[in-house]
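So that the names make sense, note that chain A is the first sequence line, chain B the second, and so on, each numbered from 1.
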Amino acid sequence: MTGADAIRAELRRAAAAIGAGDDVDVVLQRPSDPAFGDWTTNLAMTLARALRRKPREIADDLIAHLQLADAGVRAAEVAGAGFINFRLDPAFAARGVADVLRQDAAFGRVPPAGDGVAVVEFVSANPTGPLHVGHGRQAALGDAISRLLEWSGVRVSREFYYNDGGAQIANLARSVLAHLRHLGGAALEIPEGGYHGDYIREIAERFAEEHPDHAARHDDAAFQEEVRRHAVAALRQEQNLDLQAFGVAFDTYYLESSLYAPGSAASAARSLGASDGESAVDATVRALVRAGATYEQDGALFLRTTAYGDDKDRVMKRSAEKGGDYTYFVPDVAYHVTKWDRGFRRAINVQGSDHHGTVARVRAGLQALGVGIPQGYPDYVLHQMVTVMRGGEEVKISKRAGSYVTVRDLLDWVGRDAVRYFYLQRKGDSHLVFDVDLARSQSEENPIYRIQMAHARMSGIFRQGGLDPATFDGSGVDWAQLAAPAELELINALVDFPRVVAQAAEHLEPHRLAQYLLDTAGLVHGWYHKHHVLGQEAPLQEARLALARAAQIVLRNGLEVLGISAPDRM
RNA sequence: GCGCGUGUAGCUCAGUUGGAUAGAGCGUCGCCCUCCGGAGGCGAAGGUCGCAGGUUCGAAUCCUGCCACGCGCGCCA
């Protein structure tokens with residue numbers, strides 16, 4: 001039992017003793033100001049109403065009933081409107097460092113429990129162009145969320161979904177074809193809705209080199225299909241290289257086109273009760289019709305998504321004069337059925353907030369199926385836009401003209417670690433300004449440099465002393481040596497690491513950890529400047545080496561969770 | 001018009017799910033220094049938490065109404 005758990009248990013006992021019942025919810029937290037002690041509780045204030053007594057009076061009463069010697073508490077005092085502040089015996093607090101040393105690389109990590117697997121879907125960019133800065137944010141967020149869950153004992157499968165069947169791909173193929181015609185002597189005419197980037201021309205040129213006879217076949221349907229496949233393959237290859245450079249790897253790539261394949265319902269969407277040879281999208285439509293969730297109007301088939309919180313009903317199947325095919329919405333629902341049927345009882349989708357309109361729709365579709373998929377399935381983590389600042393001004397993004405900042409650009413400019421950190425520093429809900437100049441600066445103004453430097457400094461101490469940090473397990477250390485305020489504050493921060501990871505995972509918010517690492521790095525630097533480790537008398541040096549080792553472990557583990565390296569020297 | 005999100009120091013942003021005097025980095029100003037890495041260290045100034053109400057012991061946080069900005073609202077994906 002940690003000190004905090006012991007205090008919590010004692011508070012619960014004391015509350016019962018003064019007549020508050022034995023199911024009180026005890027909140028114990030770090031005080032806003034370290035001067036208030038190591039832990040604080042507002043318990044007396046929350047009990048005031050039920051007990052009809054003054055908070056400070058209750059606080060006094062609670063303290064009188066507390067037996068805190070075993071919890072390492074040196075003092076418990078009433079403060080402010082009725083807070084109870086606890087001060088730990090310094091030697092007891094410092095003992096938390098021993099935990100860190102003992103658990104080492106596993107400190108903050110919860111072993112996998114149960115046999116469930118969560119699927120995290122992210123990036124899912126159409127193969128119609130390079131990955132831009134928005135996809136980069138998704139890549140960083142999705143991977144960090146996956147890592148957070150893994151550290152919290154959840155098995156995770158990372159998935160990339162390709163919309164490889166829709167109109168966008170047709171536009172891509174037609175755009176490449178336009179360049180091929182141009183190479184054959186025709187004027188360049190990018191079709192309506194087509195793509196304008198230089199990469200389209202490059203794809204066409206490469207294709208032309210491989211097919212010297214192309215000019216004669218432009219109007220041949222089989223040839224056009226060949227162009228489409230070539231373009232998709234080329235762009236997928238480009239995206240994969242970008243992701244590789246970013247250090248993001250997926251377990252599965254799910255193709256939208258597979259949902260249209262005959263027999264796909266039986267293999268991937270069994271809960272719909274598929275018959276032989278039926279595709280997943282057909283089975284989805286059939287199940288929705290059978291559930292009575294649809295109606296026909298103007299020759300089209302609508303789904304009553306309004307019955308599940310959407311603001312208007314959605315077309316599932318277009319009328320005959322519009323082509324009679326399914327809207328994007330049907331494969332989207334079918335795709336999520338396959339997640340459920342593949343055994344993923346938890347699904348998290350990381351997407352740009354421009355997709356927020358689809359959230360209610362997909363969930364409505366899944367609900368309407370009536371196959372037992374819960375209401376909040378899947379979870380969504382939506383993020384706002386990214387703007388890039390360089391040389392003091394915003395780098396303009398013009399997708400239309402085909403010029404925009406790509407993930408590859410950012411990686412080339414500032415490196416993988418800085419790109420990841422800058423993406424993860426802000427919560428997804430807020431608009432992100434990516435300051436390229438700051439990200440590449442080699443000084444402690446740069447948050448990622450500051451954090452990595454703190455780690456490198458800890459490594460440097462051991463290097464300088466000719467010591468192997470891995471041999472420090474805290475045994476024989478006199479923890480009472482660590483009594484300076486800067487040391488106790490640092491210790492508290494290090495000990496909190498597992499809680500920070502757990503909460504960041506619970507809320508799917510990696511920025512909490514990014515912020516924690518920056519704050520902790522600040523404490524490390526402050527301690528480092530104020531208190532020398534090497535050259536002290538033996539007991540003090542040993543204790544400080546243990547603390548340095550613990551700081552090194554926490555920084556390294558924290559960076560690991562975010563997918564960032566922890567160098568031993570900068 | 002409707003929906004989602006955002007609005008906190010000059011700038012970029014946190015704020016532990018309702019707690020104490022609202023924090024960090026940068027920028028500004030002042031002082032110090034070259035010691036395990038000086039590309040530093042210490043300190044100060046700087047905020048009507050968009051505005052107005054409400055809820056209660058207590059609100060940046062919850063509720064309501066406005067204002068501003070972003071995104072979305074197609075038989076596009």
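- Regarding contacts with the backbone of B:G15, a side-chain N or O of A:His511 is found under 4.0 angstrom from either OP1 or OP2.
- For the residue pair A:His525 / A:Arg457, a side-chain donor-acceptor distance below 3.5 Å is found, with atom types taken as modelled.
- Distance check: A:His356 NE2 to A:Gln351 CD gives 11.5 Å after rounding to the nearest 0.5 Å.
- Nearest to the side-chain atoms of A:Asn126 among the listed nucleotides B:A77, B:G3, B:A14 stands B:A77.
- Rounded to whole Å, the separation between the C1' atoms of B:G53 and B:C26 comes to 37 Å.
- Looking at the side chain of A:Asp354, the nearest of the listed nucleotides B:A14, B:C57, B:G72 is B:G72.
- Remark: side-chain polar atoms of A:Thr41 are paired, donor with acceptor, to backbone N or O of A:Val27 under 3.5 angstrom.
- Mapping A:Thr40 and A:Asp298 onto RNA chain B by nearest heavy atom places A:Thr40 at the nucleotide closer to the 5' end.
- A:Lys54 comes within 4.0 angstrom of nothing in the nucleic acid, heavy atoms only.
- A:Arg236 has no carboxylate O lying under 4.0 Å from a charged side-chain N of A:Asp164, or vice versa, which leaves the two without a salt bridge.
- By the stacking rule of 5.5 Å between ring centres and under 30° between planes, A:Phe83 does not stack on the base of B:G19.
- Between B:A14 and B:G47, the two C1' atoms lie 15 Å apart (nearest whole Å).
- Side-chain proximity of A:Arg318 to B:G19, B:C73, B:A77: nearest is B:A77.
- Residue A:Lys312 has no polar side-chain atom (N or O) positioned under 4.0 Å from OP1 or OP2 of B:C2.
- Taking atom P on both nucleotides, B:U61 is separated from B:A9 by 15 Å, rounded to a whole Å.
- In this structure, A:His356 reaches the bases: a heavy-atom distance under 4.0 Å links it to at least one base atom across the strands shown.
- For A:Gln384 and B:U6, the CD to P distance is 8 Å, given to the nearest whole Å.
- Atom-to-atom, CG of A:Leu523 to P of B:A24 comes out at 11 Å; the value is rounded to the nearest Å.
- Helical stems in RNA chain B, defined as runs of 3 or more consecutive Watson-Crick or G-U wobble pairs with both donor-acceptor distances under 3.5 Å, are listed by first residue as B:1-7 with B:67-73, B:10-13 with B:23-26, B:28-32 with B:40-44, B:50-54 with B:62-66.
- Pairs of residues two or more places apart, or lying in two chains, never qualify as salt bridge (Lys or Arg N to Asp or Glu O under 4.0 Å) while including a residue from residues 518-542 of chain A.
- With hydrogens and angles left out, the side-chain atoms of A:Tyr328 and A:Arg361 include a donor and acceptor closer than 3.5 Å.
- Taking atom CD on A:Glu192 and atom C1' on B:A77, their separation rounds to 16 Å, with Å as the unit.
- The side chain of A:Ser32 lies closest to B:A20, out of B:A20, B:G19, B:A14.
- To the nearest whole angstrom, the two C1' atoms, one in B:G15 and one in B:G25, are 15 Å apart.
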Subject >> Contact pattern, 5' to 3', of nucleotides 34-40 of chain B - B, S or - by protein heavy atom under 4.0 Å >> reply: -SBBSBS

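- What separates CG of A:Asp437 from P of B:G25 is a distance of 21 Å, to the nearest Å.
- For A:Gln515, taking side-chain heavy atoms from C-beta onward, the closest of the listed nucleotides B:A20, B:C4, B:A14 is B:A14.
- Between the side chain of A:Ser430 and the base of B:C13, no donor-acceptor pair of N or O atoms lies under 3.5 Å.
- Picking from B:U56, B:U16, B:U6 the nucleotide with the shortest atom distance to the side chain of A:Asp429 gives B:U6.
- Of the candidates A:Val350, A:Leu141, A:Ile348, A:Val350 is the only one forming a side-chain contact (heavy atoms from CB on, under 4.5 Å) with A:Phe122.
- Atom P of nucleotide B:G15 and atom CG of A:Leu518 are separated by 13 Å, given to the nearest angstrom.
- With B:G25, B:A20, B:A14 as the candidates, the nucleotide lying closest to the side chain of A:Arg450 is B:G25.
- When the P atom is compared between B:G41 and B:U64, the two are found 46 Å apart, to the nearest whole Å.
- Listed here is the closest heavy atom pair of A:Ser152 and A:Val501: OG-O, 4.4 Å.
- With rounding to whole Å, A:Leu438 atom CG is found 10 Å from B:G27 atom P.
- In this model, no side-chain donor or acceptor of A:Asp311 finds a partner on the base of B:G3 within 3.5 Å.
- Between the side chain of A:Gln452 and the main chain of A:Ser565, a donor-acceptor pair closer than 3.5 Å is present.
- As judged by a 4.0 angstrom heavy-atom cut-off over every strand, A:Glu321 is placed among residues making no nucleic acid contact.
- At a threshold of 4.0 angstrom between heavy atoms, the contacts of A:Ala79 include nucleobase atoms, whether or not backbone atoms are also involved.
- Distance check on atom P: B:U12 versus B:G27 gives 15 Å, rounded to whole Å.
- Only the C1' atoms considered, B:U28 is 46 Å distant from B:C73, to the nearest whole Å.
- When each of A:Lys317 and A:His525 is assigned the nucleotide of RNA chain B bearing its nearest heavy atom, the one mapping closer to the 5' terminus is A:His525.
- Within 4.0 Å (heavy atoms only), A:Ser353 reaches sugar-phosphate atoms of the nucleic acid but no base atom.
- A parallel orientation is assigned to the rings of A:Tyr335 and A:Tyr161, their planes being inclined by less than 30° (bins at 30° and 60°).
- Whole-Å rounding puts the A:Leu303 CG to B:C75 P distance at 13 Å.
- A salt bridge is absent between A:Glu159 and A:Lys339; no separation between the charged side-chain nitrogens and carboxylate oxygens falls under 4.0 Å.
- The residues A:Asp417 and A:Arg420 are annotated as not salt-bridged, no charged nitrogen and carboxylate oxygen being separated by less than 4.0 angstrom.
- Nucleic acid contact for A:Ala48: none, since no nucleic acid atom lies under 4.0 Å from a heavy atom of the residue.
- Atom P of nucleotide B:U21 and atom CG of A:Asn85 are separated by 13 Å, given to the nearest angstrom.
- Ring pair A:Trp151/A:Phe497 is perpendicular by interplanar angle, where above 60° counts as perpendicular and below 30° as parallel.
- Annotation: B:A59 and B:C69 have their P atoms spaced 31 Å apart (nearest Å).
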